[in-house]
Student: 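Following this message is one structure expressed as structure tokens.
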Amino acid sequence: QVQLVESGGGLVQAGGSLRLSCSASGNIFSINGMGWYRQAPGKQRELVAAITSGIRTNYEDSVKGRFTISGDNAKGTVFLQMDSLKPEDTAVYYCNAVAIIGPVTKYDYWGQGTQVTVSS
């Protein structure tokens, strides 16, 4: 089992910044990658950013140049620095961890979510 704890969400005006943090506990040695997803009302959950093998990163197109993901998969920590926030960034943000424990066995773990609200 992997447990994820998120923090850093809040209310901010457009153009402001927030930094999200996520810390994993439990079977963290099995974590292969971590990332952030978000879900706005009426929309599907989407990948915001992910970090794999400690160095590879991937970003959703709309956040490129504004958001930065960092962390240490081995330690089970991941951060999301969000700058130049826009109202359309408003969503519940979820921390995600992927654990591969066998050749064909993969688990996805999710945090409870943290609300990010960007006012205009």
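What you see below is based on every heavy atom in this structure, not just the backbone, and it leaves out hydrogens, waters and symmetry mates. Only a predicted model underlies this, so the values are computations on that prediction, with no experimental measurement involved. In this chain, residues are counted from 1 in sequence order.
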Student: Which residue is it: V92, L47, T90, D89? I am looking for the one with a side-chain contact (heavy atoms from CB on, under 4.5 Å) to R38.
Tutor: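 Filter result, single survivor: D89.
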Student: Go through the steps to decide whether D61 and K64 satisfy the test salt bridge (charged side-chain N to carboxylate O under 4.0 Å, His left out), and finish with yes or no.
Tutor: CA-CA 5 Å; D61 287 343; K64 288 181 178 177; 3.2 Å; yes
Student: What is the minimum heavy-atom distance between Q3 and Q1, and which atoms define it?
Tutor: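 Minimum heavy-atom separation between Q3 and Q1: NE2-OE1, 3.6 Å.
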Student: Rounded at 0.5 Å granularity, tell me how far CG in N27 sits from OH in Y109.
Tutor: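 Between N27 CG and Y109 OH, I get 6.5 Å after rounding to 0.5 Å.
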Student: What are the two closest heavy atoms between F67 and Y59, and how far apart are they?
Tutor: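 Nearest pair, atom of F67 first, then Y59: O-CE2, 3.3 Å.
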Student: Are E6 and W36 side-chain neighbours, meaning at least one heavy-atom pair lies under 4.5 Å?
Tutor: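 Counting from C-beta outward, E6 and W36 do come under 4.5 Å.
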Student: Within the structure provided, determine whether K106 and I100 are in side-chain contact (heavy-atom separation under 4.5 Å).
Tutor: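 In contact.
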Student: Using residues 110-120 as the side-chain source, report each donor-acceptor pair under 3.5 Å to any protein atom, sequence neighbours left out, with the distance given to one decimal.
Tutor:
| residue | atom | partner | partner atom | Å |
| --- | --- | --- | --- | --- |
| T114 | OG1 | G9 | N | 3.3 |
| Q115 | NE2 | A91 | O | 3.4 |
| Q115 | NE2 | T117 | OG1 | 3.3 |

Student: Does S7 have any side-chain contact (heavy atoms from CB on, under 4.5 Å) partners at least two apart in sequence or in another chain, and if so, which?
Tutor: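 side-chain contact (heavy atoms from CB on, under 4.5 Å) list for S7, sorted by chain: S21.
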Student: More than 12 heavy atoms of other residues, nucleotides or ligands under 6.0 Å from OH of Y107: yes or no?
Tutor: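 No, OH of Y107 has 12 or fewer neighbouring heavy atoms, counting only those of other groups under 6.0 Å.
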Student: Taking all non-hydrogen atoms of both residues into account, name the closest pair between L4 and C95 and its distance.
Tutor: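 Nearest pair, atom of L4 first, then C95: CD1-O, 3.5 Å.
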Student: Check whether any side-chain heavy atom of T68 lies under 4.5 Å from a side-chain heavy atom of F79, and answer yes or no.
Tutor: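 When only atoms from C-beta onward are counted, F79 and T68 do not touch, as no gap falls below 4.5 Å.
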Student: Of all residues at least two apart in sequence or in a different chain, which pass the side-chain contact (heavy atoms from CB on, under 4.5 Å) check with D83?
Tutor: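 D83 satisfies side-chain contact (heavy atoms from CB on, under 4.5 Å) with S17, Q81 only.
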Student: Do the side chains of T52 and N32 get nearer than 4.5 Å, heavy atoms only?
Tutor: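 Yes, at least one pair of side-chain atoms sits under 4.5 Å.
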Student: Looking only at heavy atoms, which two atoms of I101 and S30 are closest? And how far apart?
Tutor: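 That would be CG2-CB, 3.9 Å.
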Student: Can you measure from CZ (R19) to CE (M82) and round to the nearest 0.5 angstrom?
Tutor: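 The CZ atom of R19 sits 11.0 Å away from the CE atom of M82.
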Student: More than 12 foreign heavy atoms under 6.0 Å from CD of Q13: is that the case here?
Tutor: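 Result for CD/Q13: open.
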Student: Any side-chain heavy-atom pair from M34 and C22 closer than 4.5 angstrom?
Tutor: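 Contact flag for M34/C22 side chains = yes.
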